[in-house]
Amino acid sequence: MLIIEDLYKSYQGPSGDVPVLNGVSLQLGSGHSLALTGDSGSGKSTLLHLAAALDQADSGRIMVDGTSLEELDDTGRAALRRQQVSLVFQQFNLVPALTVAQNISLHARLAGRVDPVWIKALTERLGLAEFQERYPEQLSGGQQQRVAIARALAMRPKLLLADEPTGNLDEGSSASVMELMLDLVRETGAALLLVTHSQAIAELLDQQRHLSKGRLRDDHSCDGTLSDGNLREGKA
Ligand SMILES: Nc1ncnc2c1ncn2[C@@H]1O[C@H](COP(=O)(O)OP(=O)(O)OP(=O)(O)O)[C@@H](O)[C@H]1O
């Protein structure tokens with residue numbers, strides 16, 4: 001589903017290019033989940049943005065469901081984001097002027113894939129049925145995050161990218177929201193790439209990778225010297 005090969009990305013700093021990703025490779029199959037950890041500033045969000053076709057790498061290859069992102073023009077990238085990829089951020093990013101029900105169905109509408117039965121199931125499973133007519137500001141942080149997850153899954157994405165999705169929640173809410181999200185992701189067969197600072201959350205996912213000095217290492221490796229090529233698991 002997601003294949004990343006030898007990805008390089010640097011940003012321009014005041015005294016020249018600052019490398020962030022130095023040859024990152026990974027593969028993630030449908031229905032599989034991968035937790036990406038790493039120190040602050042190690043490039044986790046950069047990698048997620050590249051996978052979401054929100055930014056372009058300097059070199060390397062990203063394939064989402066068989067499509068090479070480098071070969072897409074702006075229209076193609078926008079279409080891929082609308083049809084195949086969903087994002088969940090720490091800051092929820094709900095539309096304040098829309099009700100919970102309208103927020104949940106928003107991306108499915110944009111993708112032209114509204115499935116009322118699935119949306120109803122998601123709304124109920126995420127405990128949002130009684131809040132459907134409320135506006136985001138009338139919800140707690142945990143409830144807003146559940147709306148963001150419902151919205152992301154309503155269009156049945158092939159790839160779900162999550163950046164600290166429970167970063168604003170307390171430990172108890174965070175664990176329950178994560179478990180629900182993982183159940184739903186497995187049921188839809190989406191591939192999930194999730195950035196987290198929490199080791200406890202990372203351990204809930206199928207695989208863990210740690211980003212350090214622009215390269216990925218296996219969190220379970222003793223000496224951290226495994227090459228990216230040795231880390232590939234799961235069918236892409
Ligand atoms: N648009 C940009 N222009 C210049 N530098 C950037 C830009 N975006 C990110 N960076 C730099 O790239 C590095 C990686 O940033 P990134 O946000 O990917 O890190 P991160 O691992 O997600 O960090 P955190 O855990 O703190 O969110 C940082 O040093 C950051 O300052």
Side-chain angles (χ1 to χ4, degrees), residues 2-28 33-64 69-70 72 74 77-78 80-81 85-94 141 144-145 148-149 152 157 159-171 173-175 177-178 181 185 191-221 224 226-228 231:
L2 174 67
I3 301 176
I4 296 180
E5 284 177 356
D6 212 19
L7 206 64
Y8 283 77
K9 174 74 181 171
S10 49
Y11 291 112
Q12 265 192 329
S15 44
D17 282 354
V18 182
V20 176
L21 302 178
N22 289 316
V24 167
S25 300
L26 66 84
Q27 293 196 12
L28 181 59
S33 58
L34 188 152
L36 189 61
T37 58
D39 291 342
S40 184
S42 59
K44 305 180 295 299
S45 300
T46 298
L47 183 57
L48 220 61
H49 287 175
L50 293 173
L54 288 167
D55 196 2
Q56 277 177 298
D58 301 335
S59 65
R61 192 157 175 248
I62 302 178
M63 290 188 78
V64 175
L69 301 196
E70 317 74 65
L72 297 177
D74 285 350
R77 295 155 74 82
L80 180 110
R81 282 198 299 275
V85 182
S86 271
L87 291 125
V88 181
F89 297 102
Q90 184 171 353
Q91 296 83 1
F92 319 136
N93 292 349
L94 301 178
Q144 289 186 50
Q145 193 54 303
I149 292 168
L159 175 63
L160 179 63
L161 301 167
D163 201 346
E164 291 282 359
T166 58
N168 278 329
L169 309 182
D170 62 64
E171 222 170 280
S173 318
S174 169
V177 168
M178 267 312 302
M181 181 166 149
V185 162
L192 169 67
L193 179 60
L194 177 140
V195 165
T196 182
H197 281 115
S198 159
Q199 191 53 34
I201 286 179
E203 281 169 13
L204 296 173
L205 277 69
D206 299 332
Q207 306 174 52
Q208 298 170 48
R209 297 288 181 269
H210 190 81
L211 194 54
S212 172
K213 300 193 175 94
R215 294 185 68 85
L216 280 181
R217 69 174 171 79
D218 190 335
D219 262 6
H220 298 302
S221 65
L226 283 175
S227 73
D228 287 342
L231 300 175

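Each ligand, and each atom within it, is numbered from 1 in the order the structure gives. Nothing fancy with the numbering, it's 1 onward along the sequence. As a basis for the values below, the full set of heavy atoms in this structure was taken, side chains included, without hydrogen atoms, waters or symmetry mates.
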Considering non-hydrogen atoms of the protein only, which is the closest contact for atom 25 (O) of ligand 1, and what is the distance? K44 NZ, 2.7 Å
Side-chain contact test, heavy atoms from C-beta onward, threshold under 4.5 Å: evaluate it for Y11 versus D17 and give yes or no. no
Quick one: does G43 get an N or O within less than 3.5 Å of an N or O on ligand 1? yes
Contact between L87 and D163 at the side-chain level, heavy atoms closer than 4.5 Å - yes or no? no
Check G43 against L21 and note the closest heavy-atom contact, atom names and distance. O-CD2, 3.9 Å
State, yes or no, whether a side-chain contact exists between V195 and L47 at a heavy-atom distance under 4.5 Å. no
Do any N or O atoms from the side chain of E70 and from the backbone of I62 form a donor-acceptor pair under 3.5 angstrom? yes
Out of all atoms in ligand 1, which are within 4.0 Å of some heavy atom of D39? Include the element for each. 21 (O)
Would you say L48 and L194 make side-chain contact, with heavy atoms under 4.5 Å? no
Give the minimum heavy-atom separation between A51 and L161, together with the two atoms involved. C-CD1, 3.9 Å
Specify side chain, backbone, both or neither for L211, according to which of its non-hydrogen atoms lie closer than 4.0 Å to ligand 1. neither
Work out whether the distance between some heavy atom of G38 and some atom of ligand 1 is less than 4.0 Å. no
Evaluation steps, side-chain contact (heavy atoms from CB on, under 4.5 Å), between L192 and L28: CA-CA 8 Å; L192 169 67; L28 181 59; 5.7 Å; no
Is atom 10 (N) of ligand 1 in close reach of the protein, with a heavy atom under 4.0 Å away? yes
Atoms in ligand 1 flagged as close to T46, the criterion being non-hydrogen separation under 4.0 Å: 14 (C), 15 (O), 16 (P), 18 (O)
protein heavy-atom neighbour closest to atom 1 (N) of ligand 1 works out as Y11 CE2, 3.8 Å
Donor-acceptor under 3.5 Å (S25 side chain, D6 main chain): yes
Derivation and outcome, side-chain hydrogen bond (donor to acceptor under 3.5 Å, both in side chains), residues T46 and D55: CA-CA 8 Å; T46 298; D55 196 2; over 6 Å; no
Closest protein heavy atom (residue, atom, distance) for atom 26 (O) of ligand 1: S40 OG, 2.5 Å
For V20, the ligand 1 atoms with a heavy-atom partner under 4.0 Å come out as 12 (O), 13 (C), 14 (C)
H197 neighbourhood, listing ligand 1 atoms whose heavy-atom distance to it stays under 4.0 Å: 25 (O)
Closest heavy-atom approach to atom 14 (C) of ligand 1 among G41, G13, G167 is made by G41
Considering distance alone, does some N or O of Q12 sit under 3.5 Å from an N or O of ligand 1? no
For atom 17 (O) of ligand 1, the closest protein heavy atom turns out to be S45 CB, 3.7 Å
Under a 4.0 Å heavy-atom limit, does E164 contact ligand 1 with its side chain, its backbone, both, or neither? neither
